[in-house]
Structures are given as C-alpha cells and as structure tokens.
Amino acid sequence: MSSITITVKFFGPLREKMGENREVTIPESGTIRAAVEGLSINPQAWYLYSVNGEHARADAQLKNGDVLTIIPPISGG
C-alpha cells in the first residue's frame with residue numbers, strides 16, 4: 001500500500017502537547033480522521049480542521065504534501 005506525507009500544524013493546547021508542527025506519513029487513502037487518530041488525538045473532540053488553508057471535514061481525504069491544521073475549540077468566559 002502506498003503512503004503520503006503531510007504536515008500537521010497545531011494550535012492552542014495541542015501546540016503545547018504536540019509541538020508547532022509535524023510531518024506525518026499516512027496511507028494514501030488517508031483522511032483527516034485517520035491522521036488525527038494516528039497522532040493519538042481524540043478525533044471526537046470539537047476540533048476545527050483546515051487543509052491548505054481551506055475549512056475541511058474530518059472525513060476529507062488528504063493528498064501528498066497537504067498541510068493539515070488542527071484548531072481546538074476556544075473557551076473562555
């Protein structure tokens with residue numbers, strides 16, 4: 001099975017846990033959800049995703065060279 005390499009960028013508390021960004025290799029037919037699960041991040045959380053600067057859903061398929069950004073929910077009072 002072929003694989004692709006993507007860059008994952010993190011924001012908020014995820015950046016503290018995971019670092020600023022990472023290169024990740026996933027199966028060629030990989031989705032955002034699969035990439036997030038592979039990073040041991042709970043994909044059920046209310047994260048926002050973008051691929052190459054465009055809003056994306058968790059079931060969106062990724063391509064080689066894509067930049068996935070994971071943005072956790074903002075909370076405050």
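Scope of the values below: all heavy atoms of this structure, side chains included, with no hydrogens, waters or symmetry mates. What you see is a predicted model, and the numbers here were worked out from it, not measured in a lab.
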Taking every heavy atom of L14 against every heavy atom of P72, the minimum-distance pair comes out as CD1-CD, 4.4 Å
In short, A56 meets V51 closest at the heavy-atom pair CB-CG2, 3.8 Å
Rounded to the nearest 0.5 angstrom, the OG1-CZ distance for T7 and R22 is 12.5 Å
Interatomic distance, CD1@I41 vs CE@M18, rounded to 0.5 Å, equals 4.5 Å
To the nearest 0.5 Å, atom OH of Y49 lies from atom CZ of R33 at 7.5 Å
With sequence neighbours left out, the residues meeting side chain to side chain contact (heavy atoms under 4.5 Å, CB included) with P27 are M1
- Query: So, does R15 use its side chain to make a donor-acceptor pair with the main chain of F10 at under 3.5 Å?
  - Reply: yes
Report all side-chain donor-acceptor pairs from residues 59-68 shorter than 3.5 Å, counting only partners two or more places apart or in another chain.
| unit_1 | atom_1 | unit_2 | atom_2 | d |
| --- | --- | --- | --- | --- |
| D59 | OD1 | R57 | NE | 3.3 |
| D59 | OD2 | R57 | NH2 | 3.0 |
| N64 | OD1 | T5 | N | 2.8 |
| D66 | OD1 | N52 | ND2 | 2.8 |
| D66 | OD2 | K63 | N | 2.7 |

Between P73 and Y47, the two heavy atoms sitting closest are CD-CD2, 4.0 Å
Output for pair (K9 NZ, I71 CD1), nearest 0.5 Å, gives 11.0 Å
Interatomic distance, CD1@I70 vs CD1@I32, rounded to 0.5 Å, equals 8.5 Å
When rounded to the nearest 0.5 Å, the distance separating CZ of F11 from CD of E16 is 13.5 Å
